[in-house]
Amino acid sequence: MDMAARFQDQQVFHMTGRRSGDGLAALDKSPMRPALFAGYRDLTRLRHDFPLVLVESGITDGYAVSLTLLVNHVIETLAPRGIEGERLRKHVLRLERELRAGLAGGAEGDLSELWATAAAKLASDADESVSKVLALAGDSLGVDGALVDCDDRLPSRFMIHAWRHVQAQKASVFHGHLDRLQRRLSDILRAAFVRSEAGQRPDALRASVGGMHADDFDFTAMSRLVSRNAPKDQLPASRRRRIEWALSVLTSQRFHASRSLPGSGEASYGFLFDNVAEAVAAYRERLPQVVELVKAIAIAELEARNDYDEKDHDPFFEAYDANSLTADDLALFPDYLVCIPVGRNDLPENASLMDTLSSGLPVKVVVQVTDLLEEASIGTGHFAFGVRSARLATAAMGLGGMFVLQAASSSLYRLRNRIEHGMGCSGPALFSVFAGAPEAAGELPRYLTAAAAMESRAFPAFVYDAAAGENWATRFSIEHNRNPEIDWAKEPFEYADEQMQRVRGESAFTYADFAMCDKRNAAHFAVVPRDRWTSAMMPAVDWLALPEREATERIPYLLAVDGDDALHRVLVDARMMQATKRCLLLWHRIQEHAGIHDSHAERLLAREKAAWEISRNQELDALRKASAGAPTVVSEAPPPAAGAVAAAVAASAPPPEEKPPSDDPWIETARCPSCNECQLINPELFLYNENKQAYIKDANARTFRQLVEAAETCQVAIIHPGKPRNPDEPGLEELMKRAEAFN
Amino acid sequence: MAKPLSQCIIKLHEEQHNLEDYQGGVPRWCNGCGDNAILAAVQRLCRDENLAPEETVFVSGIGCSSRFPHYMKTYGFHGIHGRAFPIAQGVKMARPDLNVFVNTGDGDCCSIGAAHWIHAIRYNMNLTVILHDNHVYGLTKKQASPTSPIGFKSNTTPRGSILEALNPLTVTLGVQNVSFVAQGVDWIPELLYDIVSRAFHHRGFSFIRIIQRCPEFLPKMFEPWLHDPGKTLLLTHANGLQPSAELARTYKNQREHDPLDIHRAREIASSEDPIPVGILYQNPEVPCYEDLRGAGGPRTVEAIRKGLDAEFDKFTFWPDDGNQSRAA
Ligand SMILES: Cc1ncc(C[n+]2csc(CCOP(=O)(O)OP(=O)(O)O)c2C)c(N)n1
Ligand code: SF4
Ligand code: SF4
Ligand SMILES: [Mg+2]
């Protein structure tokens, strides 16, 4: 009571957010960061996922690869194990650090250039062998492409690169398909020409022989000869017209850039946009060309197989229009990518985002979010697309039928396979990316604020893929978050106490920790010096778990470190704790989609459990009564389990033996290797079934002798002659003896 | 799921084929020849997979067995002795979209064609290869082949052959890039079909050795195996054969064998008695040569001209670069 009175300023701060007296320091006076960030002071020294190479050339599995991985690979291949390799390892790692520092300082370019620059810099103050070693290492990197850091431009660069990668694969398949069709159609036309009168004229024949031997032939005579016997052009005019039309559409298409010589044909369409309206307009404008190309492909396909039937197909293609297009038709074409620049989400030209997504157009949209805090804690939310940006992806998921991915920029690399998948899916996709806190938030690097947004559940990562299956379990995944099954992510945490003893523990990372990183929220926090720590203080995570009554008596705090990594307690006001609770609520909802604490499932489980307990008690009662000599209670229907067991037993029982011995002749047809022998004896008696295996067709069209002879010739001995039907057949006695071996 | 328009329309008009639709000429094989059983199994496969006859090719060399393409109403190429593989590889290279089968005899494949065989395994192109192994040169009327058993009396070995027979399975399993090896016998049609079907579905060089009876020249050779099912070792596995209950009752000598296990496959392959029947080895991960080389690229007149020009350019002089040879 006494102590509580002493530190009443703390209680007041928590409840009102007002700091009075000098016992509480403002956060903006003494900059702090969450204690868990203590280890991330200098990112250039930390070998993490970034920077990345956006692969343009070289051999790798994917379209992006982390520099750390590349360097590891170089070291593994070049540097011998043990002390001999140490020098090379050291230099290469130094160069890696130099690259990180360079990027952080604003350097830009491809890996190969930046590597060369950094190598030159390091070598200038060392001996010549260093530059050799670094050049050698550079040559064995194996890939090249832009080297990018986790900065404000990362989301758009990464996503555009992923999209390009997928489109290139698509284009290659598309061109393979188109080339084949073009070849087939031109072959048809060429064959028709060769057979035509024009193709058999002396000059055409001369052209086909070529210059070298042209003088050795009499082409007039040759023309007379070939045109005498050869059939004339057999390509009906309508078919020729159709083929020529299809060919011209195929060759002049502008959707996938032409693979052949640049400059041949018109430039291809562009598919990259920075706002929704323009992309939709372009899509609509090109629709007639899409319909035409889809038709041309279908016609070419039919013509190539000579399957075009004018009676059926003419009316079909006449009626074919934009309404007939399916998502799979559209999937042949490049996808539109709308990459909305930061801060432009709420422009009028992007207002139709949700409509566009729900109408199923093949548009992939990248939305970048930078401000999460503003909305939840301060309450003056920033609305674009009719929802708070942190909930955009969840809202889109509700529209169904598309691919949705939400992630912070720091985890784009880890999600690269899912992103590639989403870019390649047919139909619309939404990628909502948190690009790190804006400039105004403070000095923390984007990588850290992005990672913090995800770890704190302020912007959890998830993937929703409507095409992946029938239910939420297969469509939805939150596996890329840390500890997705619990409330807050946990990190191991170490610090030195007052006696300078190492203390190890685990610390949770909450929404409030994330909010503390943004200096615009400073007012919601207050730093307490160690001599004023009280037992009423309580870690914010634990405070959240308290019943409301008890919570009012305690004050939540976070652990933070200052510039010298000294540990502090930072009090959190009630308003911020409210925002933290709201964040947790949203996280629970997302967890539920992923089947964690699924309320339906839990309710069902409880009901089943109760029912099971009742029935078990009844059974026990019955047993007790039975053993006590009372008449057995016979339940009306057998319990389901018993039925299932009975069925299983029936299924595993061996099937009945094939054929009981009888007097009729028969063949083990399934064993017949189709050798023809029996058919040679009597083709009306022995026939082949649909699998070309022998059976006895007409038991009357036979003599017993034929049956016995067939049984004897059959090498696999599967013909069983049975008993004779005609008792007057000559030589029966001897035949029956011979038959015995086969019955 | 829906398909693009072109696919829907084609599906609509796709023909369904009967087994008879694949029957070409009337076979001229001897009565009781095991080749008939192989023909039946392959025709069944074509029907069940509804292979378009115009997109299916059977390539062979020379021999009784190599007459196979004549009896299929598909495209075919009755090649020269020992050269079925290079011809089939050429077809596949130019037209990777076709279903290409190879029918070859023990003489054709293991004797005169042995060099092509070894390299075809290593190239691992997507071909379904059927070795009709009757242990003899049938067409030329009984000469010893590399797979003839020791002591076999023939026109070329009147006092009995003196060399140990070559085992096509262990040879194939010993070559780099081997990706599918199976063995069947012509007299168990159910397994023959299953094996051919598994081979067809494997993407790569699917090698099936079929022990084939030649009643003309080796009438008694496989009698003991025909009469005693215990002398056949059935290889079963979830990724291999799963014989019907009926068959399993007759062929009780069974062994579970994982087709990914190449060491065990080699061990099993060397057994001649009992005869192992089933999938010895299958590895779907081995890359196909046609994929590595990007086969099936456009072969238009222009493309060919461009390619040739580029080659010739290497040996021509260019006035603009100071009469420097471009020879690489
Ligand atoms: C270059 C060449 N050499 C020899 C022959 C003769 N020849 C024809 S078929 C054959 C052997 C065929 O044996 P195999 O491949 O086992 O077929 P089988 O008849 O047994 O099915 C030979 C040597 C030939 N046709 N061409
Ligand atoms: S003789 Fe035997 S193996 Fe040959 S076709 Fe007739 S039943 Fe079949
Ligand atoms: S000689 Fe032998 S392999 Fe050739 S057809 Fe006759 S039985 Fe068949
Ligand atoms: Mg042979």
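Per chain, numbering begins at 1; letters A, B, ... match sequence-line order.
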We want to know whether B:N99 and B:Y75 form a side-chain donor-acceptor pair, criterion being a heavy-atom distance below 3.5 angstrom. no
For A:T474 and A:N471, test the side chains for any donor-to-acceptor distance below 3.5 angstrom and give the result as yes or no. yes
At a heavy-atom separation under 4.5 Å, does [X] approach chain B through its side chain, its backbone, both, or neither?
{"X": "A:Q693", "answer": "side chain"}
{"X": "A:Y320", "answer": "side chain"}
{"X": "A:N691", "answer": "both"}
{"X": "A:C714", "answer": "neither"}

Part of [X] within contact of chain A (heavy atom distance under 4.5 Å):
{"X": "B:L19", "result": "side chain"}
{"X": "B:E223", "result": "neither"}
{"X": "B:N18", "result": "neither"}

What residues of residues 227-234 of chain B make heavy-atom contacts with chain A at a cutoff under 4.5 angstrom? none
Under 4.0 Å between a Lys/Arg side-chain N and an Asp/Glu carboxylate O for [X] and [Y]?
{"X": "A:D187", "Y": "A:R184", "answer": "no"}
{"X": "A:E690", "Y": "B:R47", "answer": "no"}
{"X": "A:D335", "Y": "A:K170", "answer": "yes"}

Flag side-chain contact, heavy atom, 4.5 Å: B:R209 against B:D106: no
List the residues meeting salt bridge (charged side-chain N to carboxylate O under 4.0 Å, His left out) with B:D186, not counting sequence neighbours, and say none if there are none. B:R213
Test of understanding: with salt bridge (charged side-chain N to carboxylate O under 4.0 Å, His left out), list the residues that count as partners of B:E54, not counting sequence neighbours. none
Within a radius of less than 6.0 Å around CD of B:E256, do more than 12 heavy atoms belonging to other residues, nucleotides or ligands occur? yes
Which of B:A37, B:S244, B:P219 touches chain A most, by non-hydrogen pairs under 4.5 Å: B:A37
Most heavy-atom pairs under 4.5 Å with chain B, out of A:Q182, A:R180, A:Q679, A:R671, belong to A:R671
Counting only pairs under 3.5 Å, give me each side-chain donor-acceptor contact of residues 289-299 of chain A, with atom names and distances, residues two or more places apart or in other chains.
unit_1 : atom_1 : unit_2 : atom_2 : d
A:K295 : NZ     : A:F317 : O      : 3.2

